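Working notes, beginning with the structure itself.
This one's a predicted model, so the numbers in the text were calculated from it and none came from an experiment. Just so it is clear, the values below take in all heavy atoms, side chains as well, and ignore hydrogens, waters and symmetry mates.
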2 protein chains.
Amino acid sequence: MSEPQRTRRPGGRSARVGAEVHRAVTDLIGERGYGNFTVGEVAVRAGVADSTVYRRWGSLEALLTDVALTRLNAQSPMPDTGNLVGDLRTYAAQVAREITGPDGLLLVRLAVALSSIGPQGLRARDDLRDERTRQLQSMLDRATERGERAPDALDVLDHILAPMYIRVLFGMELTPEYVDGLVDRML
Amino acid sequence: MSEPQRTRRPGGRSARVGAEVHRAVTDLIGERGYGNFTVGEVAVRAGVADSTVYRRWGSLEALLTDVALTRLNAQSPMPDTGNLVGDLRTYAAQVAREITGPDGLLLVRLAVALSSIGPQGLRARDDLRDERTRQLQSMLDRATERGERAPDALDVLDHILAPMYIRVLFGMELTPEYVDGLVDRML
């Protein structure tokens, strides 16, 4: 299908195209895994022209990253409970829920896929990492501004996120006690 | 090619078949990625019958796991320096070298691939994890036998291996100081 609805208001159409393209990508990832489909196939599935996808996202890698970030931000927005331990425990519990869910290894799978497809993939992977690190750091900066002694985002990555991801990747359970324990140990 | 050399002594032939099949798997992983080839394609590439592969390994998943374990064991055998901090620093440095090398994310890629292909894949992934954990635990048990206070294998996984894997997966550098720091922090 080409673009028959060009006369509708741009905001509405733009949001609709975004949602359709995201849905198409999510479906194709579920059916075939990352990297096993093309922009053309996404466009057909979403009912838009290839050029619409290229104009808006630039590349398949950038589109995959946008879809992943949108989902991650919806699944685990940065909490703001008013204190560091509350923020970190809430965040760790959210991530634990998310990564033990049906498409839990989204971020790991995407990073593996992006690492395998050349320079554009590596750039997309770095953008994804930098954006999530920036979000995490802003939560930690709020703690510092309140006068709390906060770790930096890389400490949280190393000692809270990394163990949870690797345990899930290798089929181990994450209990709430284990997850809280990671936070307490790091602090 | 079927099996023309059946009359040679079994040990020699068996070792040769093992080496050819491992080489075929390694080449196919490099060319297509995990999961994107069949036992039949491995057999053709190795110059053996499909049935030879099935008889010896049982499934593609079990074969992939065998190849990965063989490589991991060759790249990072468990050190035995006579003390825990020496063992852990040597092991961490080996793993860091291995995972920043050309096919560094072998284990992560394999775990992702095995997690995506059903129950047989999950069993192969669990076997891989259990075998590596067992090897690591035996190094730690030697420390305990010497009277040292040793962490358990899961602590090493959580706070030394997981951060290194996740950092490499997301394109971050591992300096020797960082790697030693992970060991010191855990102990």
How close do [X] and [Y] get, heavy atom to heavy atom, and via which atoms?
| X | Y | result |
| --- | --- | --- |
| A/D126 | B/F170 | OD1-O, 4.0 Å |
| B/S115 | A/L169 | OG-O, 3.7 Å |
| B/V168 | A/R125 | O-NH1, 4.2 Å |
| A/Y165 | B/I166 | CB-CD1, 4.0 Å |

Taking side chain as everything from C-beta outward and backbone as N, CA, C, O, which of these in [X] sits under 4.5 Å from a heavy atom of chain B? Side chain, backbone, both or neither.
| X | value |
| --- | --- |
| A/L157 | side chain |
| A/L161 | neither |
| A/L114 | neither |
| A/D155 | side chain |
| A/M172 | both |

For this session: Determine, step by step, whether B/V112 and A/L105 satisfy the side-chain contact (heavy atoms from CB on, under 4.5 Å) criterion, reporting the C-alpha distance in whole Å, the side-chain angles of both residues, the deciding distance to 0.1 Å, and the verdict.
Result: CA-CA 8 Å; B/V112 165; A/L105 290 169; 5.8 Å; no
Problem set entry | Heavy atoms from other residues, nucleotides or ligands near OH of B/Y178 exceed 12 (cutoff 6.0 Å) |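 Correct, the count exceeds 12.
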Problem set entry | More than 12 heavy atoms of other groups within 6.0 Å of A/E31 CD |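 Counting other residues, nucleotides and ligands, CD of A/E31 exceeds 12 neighbours.
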Exercise. Which distance, rounded to the nearest 0.5 Å, do you find between the CZ of A/R185 and the CE of B/M186?
Worked result: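 Atom-to-atom, A/R185:CZ and B/M186:CE are 7.5 Å apart.
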Exercise. Quick one: are B/D158 and A/H159 in side-chain contact, heavy atoms under 4.5 Å?
Worked result: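 Sidechains of A/H159 and B/D158: no contact.
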Exercise. B/L122 versus chain A, heavy atoms under 4.5 Å apart: side chain, backbone, both or neither?
Worked result: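 Interface part for B/L122: neither.
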